[in-house]
Amino acid sequence: MMQRIAAGIVAFNPDIKRLEKNISAILPQVEALYIIDNNSDNIQAIENYIQKKNKIVIKKNEKNLGIAKALNQMCDLAISNGFDWVLTLDQDTICPSDMINKYLPFCIDSQNAIICPQFAIKSQSNRLVNYEKHPTESIRLCITSASLTRLATWEKMQGFNEWLFIDGVDYDYCLRARRLGGRILRVNDVVIDHQVGIPQEIHFPLGIAVKIYNHSPFRNYYIVRNNIYLLRHYWKDLNGFLWLLKFIYFEVTKLLFESNRGKIIYSLCKGVKDGLFI
């Protein structure tokens with residue numbers, strides 16, 4: 001049975017050259033590409049680049065509606081045009097040229113809700129699985145970018161959780177899909193070039209280093225609130241005690257080493273309150 005595949009990119013003030021590489025890599029591999037723009041300041045540059053490209057549809061939101069809403073808009077467009085799968089992409093991800101061909105054999109199995117790659121992050125050491133020994137693996141969680149999402153499963157789940165807005169959207173979706181009996185299948189000989197910003201390292205004696213990410217207070221609010229939401233709803237699925245320890249470590253390092261400590265404390269307190277009681 002033929003599987004129709006589209007791709008989609010969520011855009012918000014992207015680096016245009018990086019976005020161009022993203023589009024050039026994925027466009028030949030899919031029937032259609034949807035760009036959901038969350039009110040980028042450089043929307044004109046995006047439109048100038050894609051105006052001569054076939055197969056691209058752009059949807060412009062009048063304000064930043066968040067990643068989850070944009071992903072749902074993307075999936076709605078794909079379903080309305082008869083697609084079975086949509087490849088969800090961050091704006092700065094570069095895919096290998098044969099990625100979809102390597103995913104295709106696994107689209108037939110109806111248990112596969114998400115098919116995903118390994119990823120290599122520049123400036124970080126990456127421990128990649130030997131794909132010759134382990135061609136595929138069933139995993140617990142994956143990131144959204146370069147994940148092939150079965151739209152029939154998306155419909156059953158009523159989409160991505162828009163309340164989460166940004167952080168944790170992918171993990172929440174994975175965990176709900178697995179509770180419905182879906183599998184997250186990682187194809188280990190697919191490795192994407194992925195960016196997550198450039199962390200700053202604080203070095204101490206004995207070779208000890210601490211990474212800080214300098215997230216804005218706005219972003220830190222969602223990190224805090226949504227991690228608490230995930231722990232409340234998926235404690236057992238996440239091995240909650242270990243997840244909580246990592247989350248506390250992350251926030252403590254922010255408080256100790258980042259600037260704008262007052263705003264960080266405010267975002268932390270507000271995120272805790274809303275995560276527990278909303």
Side-chain angles (χ1 to χ4, degrees), residues 1-101 103-104 107 113-117 143-162 164-166 169-170 173 190 192-195:
M1 181 178 177
M2 181 180 176
Q3 301 289 300
R4 297 192 63 207
I5 298 175
I9 299 171
V10 178
F12 179 68
N13 298 332
D15 177 289
I16 296 300
K17 289 188 177 180
R18 182 78 180 183
L19 180 66
E20 289 175 3
K21 290 180 181 178
N22 184 345
I23 293 172
S24 296
I26 196 56
L27 195 59
Q29 302 186 56
V30 295
E31 289 187 52
L33 173 63
Y34 303 110
I35 297 177
I36 312 298
D37 183 76
N38 266 331
N39 197 30
S40 294
D41 294 333
N42 55 351
I43 183 62
Q44 190 60 57
I46 298 172
E47 291 185 305
N48 289 343
Y49 174 70
I50 68 171
Q51 65 182 349
K52 296 180 181 179
K53 301 286 184 182
N54 295 323
K55 304 192 293 186
I56 299 180
V57 175
I58 186 168
K59 179 175 178 58
K60 296 184 287 185
N61 292 323
E62 294 183 358
K63 62 180 181 178
N64 185 356
L65 299 178
I67 287 175
K69 177 67 174 180
L71 289 169
N72 285 335
Q73 291 174 321
M74 179 193 304
C75 292
D76 274 327
L77 284 169
I79 285 177
S80 68
N81 286 283
F83 289 100
D84 304 292
W85 297 82
V86 65
L87 183 81
T88 55
L89 288 166
D90 291 351
Q91 62 194 17
D92 53 11
T93 297
I94 310 299
C95 299
S97 60
D98 57 353
M99 183 175 68
I100 296 299
N101 281 337
Y103 281 169
L104 269 174
C107 292
I114 304 171
I115 303 169
C116 65
I143 62 173
T144 303
S145 195
S147 289
L148 192 59
T149 300
R150 184 184 294 276
L151 291 168
T153 304
W154 176 86
E155 285 188 297
K156 288 179 183 177
M157 293 168 54
Q158 299 182 328
F160 293 88
N161 185 344
E162 295 180 11
L164 293 172
F165 193 77
I166 180 167
V169 172
D170 42 10
Y173 187 88
V190 177
I192 62 169
D193 175 1
H194 187 61
Q195 289 187 337

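Under the 3.5 Å distance criterion, the side-chain polar atoms of Thr88 are matched with a main-chain donor or acceptor of Thr144. Distance alone, capped at 3.5 Å, places no donor-acceptor pair between the Thr153 side chain and the Thr149 backbone. With Asn38 contributing its side chain and Gly66 its backbone, the two residues share a donor-acceptor pair below 3.5 Å. With hydrogens and angles disregarded, a donor-acceptor distance shorter than 3.5 Å links the side chain of Asn42 to the backbone of Pro14. With Ser80 contributing its side chain and Leu77 its backbone, the two residues share a donor-acceptor pair below 3.5 Å. Without hydrogens or angle criteria, Gln29 side chain to Ile5 main chain gives no donor-acceptor distance under 3.5 Å. Side-chain atoms of Asn22 do not come within 3.5 Å of backbone N or O of Arg18 as any donor-acceptor pair. For Asn61 (side chain) and Asn39 (main-chain N/O), no donor-acceptor pair under 3.5 Å exists by modelled atom type. The backbone N or O of Glu20 sits less than 3.5 Å from a side-chain atom of Ser24, completing a donor-acceptor pair.
The two residues Glu162 and Ala68 make their nearest non-hydrogen contact at CA-CB, 3.6 Å. Taking all atoms of both residues into account, the shortest heavy-atom contact from Asn72 to Gly159 is OD1-CA, 3.4 Å. Among all heavy-atom pairs drawn from Asp90 and Ser145, the shortest one is N-OG, 2.9 Å. Heavy-atom minimum distance, Asp76 versus Trp154: OD1-CH2, 3.3 Å. Counting all heavy atoms, side chain and backbone alike, Cys75 lies closest to Val86 at SG-CG1, 3.7 Å. The heavy-atom pair separating Pro96 from Val190 by the smallest distance is CG-CG1, 4.0 Å.
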Between Arg4 and Glu31, is a salt bridge (charged side-chain N to carboxylate O under 4.0 Å, His left out) present by the stated rule, with each step listed?
CA-CA 8 Å; Arg4 297 192 63 207; Glu31 289 187 52; 2.8 Å; yes

Begin from the C-alpha positions of Leu148 and Cys116 and carry the test side-chain contact (heavy atoms from CB on, under 4.5 Å) through to its verdict.
CA-CA 6 Å; Leu148 192 59; Cys116 65; over 6 Å; no

For Gln73 and Leu65, run side-chain contact (heavy atoms from CB on, under 4.5 Å): C-alpha distance rounded to whole Å, both residues' side-chain angles, the deciding distance at 0.1 Å, then the answer.
CA-CA 10 Å; Gln73 291 174 321; Leu65 299 178; 4.0 Å; yes

Does the pair Val30 and Phe83 meet the rule for a side-chain contact (heavy atoms from CB on, under 4.5 Å), with working shown?
CA-CA 11 Å; Val30 295; Phe83 289 100; over 6 Å; no

Before you tell me yes or no, could you show the steps for Ile94 and Ile192 under side-chain contact (heavy atoms from CB on, under 4.5 Å), namely the whole-Å CA-CA distance, both residues' side-chain angles and the distance that decides it to 0.1 Å?
CA-CA 6 Å; Ile94 310 299; Ile192 62 169; over 6 Å; no

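When Val10, Val57, Ile23 are each tested for a side chain to side chain contact (heavy atoms under 4.5 Å, CB included) with Ile35, only one passes: Ile23.
When side chains are defined from C-beta on, Asn64 counts as touching Phe165, because their heavy atoms get closer than 4.5 Å. Inter-residue side-chain proximity for Leu19 and Ile46 is flagged as met; some heavy-atom pair is nearer than 4.5 Å. With contacts defined as side-chain heavy-atom distances shorter than 4.5 Å, the pair Val169/Asn161 does not qualify. Residues Met99 and Leu87 have side chains in contact (heavy-atom distance under 4.5 Å, counting atoms from C-beta outward). The closest side-chain heavy-atom distance from Leu27 to Lys55 is below 4.5 Å.
Note: Asp37 CG to Lys60 NZ = 8.5 Å, rounded to the nearest 0.5 Å. How far SG of Cys95 is from CG of Leu89: 4.5 Å, rounded to the nearest 0.5 Å. Distance check: Ile9 CD1 to Ile58 CD1 gives 10.0 Å after rounding to the nearest 0.5 Å. Separating the CD atom in Gln44 from the CD1 atom in Ile16 is a distance of 10.5 Å, to the nearest 0.5 Å. Note that the CD atom of Gln3 and the CD1 atom of Ile100 stand 12.0 Å from one another [nearest 0.5 Å]. How far OG of Ser147 is from CH2 of Trp85: 11.0 Å, rounded to the nearest 0.5 Å.
Inspection of the Tyr34 and Asn81 side chains reveals an N or O donor paired with an N or O acceptor under 3.5 Å.
The aromatic rings of Tyr173 and Phe160 lie parallel to each other, with less than 30° between the two planes, well short of the 60° mark.
In Gln51, the CD atom is crowded: over 12 heavy atoms of neighbouring residues, nucleotides or ligands sit closer than 6.0 Å.
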